[in-house]
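Order of the sequence lines sets the chain letters (A, B, ...), proteins ahead of strands, with each chain counted from 1. These numbers come from the heavy atoms of this one structure, side chains and all, not from hydrogens, waters or symmetry mates.
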There are 2 protein chains.
Amino acid sequence: MALRHAVLAALLDGELSGYQLAKAFDVGVANFWYAQPQQLYAELTRLEKEGLVAGREVVQESRPNKRLFHVTDAGVAELEAFTAASAKPAFIRDDLLVKVQAADRVDTDALIAQLTDRARVAQAKIDLFGTLLHRLRGHRTEEEFLRHGDRIGPYLTCLRGVAFERENRDWCLRTVDVLKERRQLHARH
Amino acid sequence: MALRHAVLAALLDGELSGYQLAKAFDVGVANFWYAQPQQLYAELTRLEKEGLVAGREVVQESRPNKRLFHVTDAGVAELEAFTAASAKPAFIRDDLLVKVQAADRVDTDALIAQLTDRARVAQAKIDLFGTLLHRLRGHRTEEEFLRHGDRIGPYLTCLRGVAFERENRDWCLRTVDVLKERRQLHARH
DNA sequence: TCAGATTAGTCATTTTTATGACTACCATGG
DNA sequence: CCATGGTAGTCATAAAAATGACTAATCTGA
């Protein structure tokens, strides 16, 4: 039941509609969790029913109306309880790792292509996170912002995201090199 | 359906029993996937029914009998197909990140404790992976092993695991520092 | 000698996550 | 003037992962 807490944590930044939330959780900026829009709408409905978030209708012209949600006191209490409870250890769970694990026995061409693509995607995320970090800290240096800023949670998780994607990119490129070199050595026989 | 492929990939290293597989997928060395024993037994049953793995009974004295599984040709073909298909992007999904995202609004004492503990666990994994890497490459240097070794898949995924845990540890420690310093600044008012 | 850990598994069920198929309406570009 | 894409969602179902409760033997340390 971590999605619900991820949603609560995301809503701490201010009121968001389900649609906006979905954007934030989508491919782009999912720096601390990932979910499909449908999951988020469902979760918001449940959270509202339990009184952990509250929504207000915003009437728009020239665009469908939307409901903006914010975390209630009960919601903050729920987050508090969640934070106090012990966290389960995190694991990498990545199709690509499974494929690389089997690299000795399967065709490496497709794998090399996927690794290369993943490195590209990782670089794009690094750039995106870089922009995001800059926007969050404004004119301040990182040190200064982390000491005195008033909302550092998203900044810290974004830092984790950058580090993850950097490792991701570097490992993919390194693995591509290794696989390519072995392919060449093999071809010569 | 990646667990099945993770199991197939793991069995490429040689025959394993469900129990041994469970060990490999457990907290210790889950360097490319993680699963509970029950999930693995269930998956092995399914894989066997589909002919992707085959098991043979090994009668043991002074210990319960066991079934050792190996990947069949059909299993390798399945892995091949899986590798050729495009991989879905990987995301971090970690309770701790959610908690840090909410760090500005919840009690940080428990969080600091958890981050510290996570850093410790990460360090333990780094050490474990270090030993494992050394065992895999034997007397050879990494470069040499990756060029000429005959089973580099597990080595490469283990490298990814080390990098991940290192980032994990460093980020946890950094975050602890930030939170502690802010707590002090706050206390003075 | 007896409690607790280790080996080796099974069965049933719940929880969580993901997917597919939809509805509507507006704006913009070609 | 109409196809495409963005905004804003809903409903139902499938798939995957996790959990709880078991059996049964042996081996190990206090």
Side-chain angles (χ1 to χ4, degrees), chain A residues 1-7 15-28 30 33-50 53 55-69 82 85-95 98, chain B residues 1-8 15-28 30 32-50 53 55-69 82 85-95 98:
Chain A
M1 262 204 291
L3 174 60
R4 68 187 305 111
H5 300 109
V7 168
E15 284 186 322
L16 289 175
S17 69
Y19 190 75
Q20 291 172 304
L21 204 57
K23 290 276 163 191
F25 274 78
D26 198 28
V27 215
W33 203 264
Y34 168 83
Q36 300 289 138
Q38 295 97 316
Q39 293 174 259
L40 295 170
Y41 284 116
E43 199 58 56
L44 280 173
T45 306
R46 272 193 294 269
L47 285 169
E48 191 178 27
K49 209 174 299 171
E50 295 173 41
V53 305
R56 61 183 183 92
E57 183 93 11
V58 173
V59 179
Q60 299 184 116
E61 30 185 281
S62 93
R63 213 163 286 268
N65 295 345
K66 61 182 171 183
R67 303 198 61 215
L68 292 182
F69 293 93
F82 172 68
S86 77
K88 51 178 84 162
F91 300 100
I92 299 184
R93 241 182 205 181
D94 185 352
D95 281 7
V98 175
Chain B
M1 259 205 294
L3 173 60
R4 68 187 305 113
H5 300 109
V7 169
L8 289 172
E15 285 187 320
L16 289 175
S17 68
Y19 189 76
Q20 290 173 305
L21 204 57
K23 288 278 162 192
F25 274 78
D26 199 28
V27 214
F32 74 103
W33 203 262
Y34 169 82
Q36 301 288 139
Q38 294 97 316
Q39 293 174 257
L40 296 169
Y41 284 117
E43 199 59 56
L44 281 172
T45 305
R46 272 193 295 267
L47 285 168
E48 191 178 28
K49 209 175 298 172
E50 295 172 41
V53 306
R56 62 185 182 90
E57 184 93 11
V58 173
V59 180
Q60 299 184 116
E61 28 187 283
S62 93
R63 212 162 287 268
N65 295 345
K66 63 181 171 185
R67 304 199 59 215
L68 292 182
F69 292 93
F82 172 68
S86 77
K88 51 178 84 164
F91 300 100
I92 299 185
R93 236 176 209 186
D94 185 350
D95 281 7
V98 175

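Counting atom types as modelled, A:Gln38 pairs a side-chain N or O with a base atom of C:dG20 as donor and acceptor under 3.5 Å.
When the options A:His5, A:Gln38, A:Arg4 are evaluated for a side-chain hydrogen bond (donor to acceptor under 3.5 Å, both in side chains) with A:Glu43, the one that passes is A:Arg4.
Between D:dT7, D:dT19, C:dA18, one nucleotide has an atom nearer to the side chain of A:Gln36 than all others, and that is C:dA18. Closest approach to the B:Trp33 side chain among D:dC27, C:dT6, D:dA17 is made by D:dA17 (side chain taken as heavy atoms from C-beta onward). With D:dA8, D:dA17, C:dA18 as the choices, the nucleotide that has an atom nearest any side-chain atom of B:Leu3 turns out to be D:dA17.
Here the shortest heavy-atom pairing between A:Leu68 and A:Ser17 reads CD2-N, 3.5 Å.
The nearest heavy atom of DNA chain C to A:Gln39 and to B:Arg67 marks one nucleotide each, and the one closer to the 5' end goes with B:Arg67. Between B:Pro37 and B:Arg93, the residue anchored nearer the 5' end of DNA chain C, judged by the nucleotide with its closest heavy atom, is B:Pro37.
In this entry the distance linking CZ of A:Phe91 with P of C:dT16 reads 17 Å, nearest Å. Atoms OH (A:Tyr34) and P (D:dA16) sit 15 Å apart, rounded to a whole Å. One interatomic measurement links the two molecules: OH of A:Tyr41 to P of C:dA18, which rounds to 17 Å at whole-angstrom precision.
Side-chain atoms of B:Gln39 and B:Tyr41 include no donor-acceptor pair closer than 3.5 Å.
Interatomic distance, B:Phe69 CZ to B:Glu15 CD, rounded to the nearest 0.5 Å: 10.0 Å.
Residue A:Tyr19 places at least one side-chain N or O under 4.0 Å from the OP1 or OP2 atom of D:dT7. At the phosphate of D:dT7, OP1 or OP2 sits under 4.0 Å from a side-chain N or O atom of A:Lys23. Contact between the side-chain N/O atoms of B:Lys66 and the OP1/OP2 oxygens of C:dT6 is not found at any separation under 4.0 Å. Considering only side-chain N and O atoms, B:Ser17 lies nowhere under 4.0 angstrom from the phosphate OP1 or OP2 of C:dT7.
At a threshold of 4.0 angstrom between heavy atoms, the contacts of B:Arg4 with the nucleic acid are absent.
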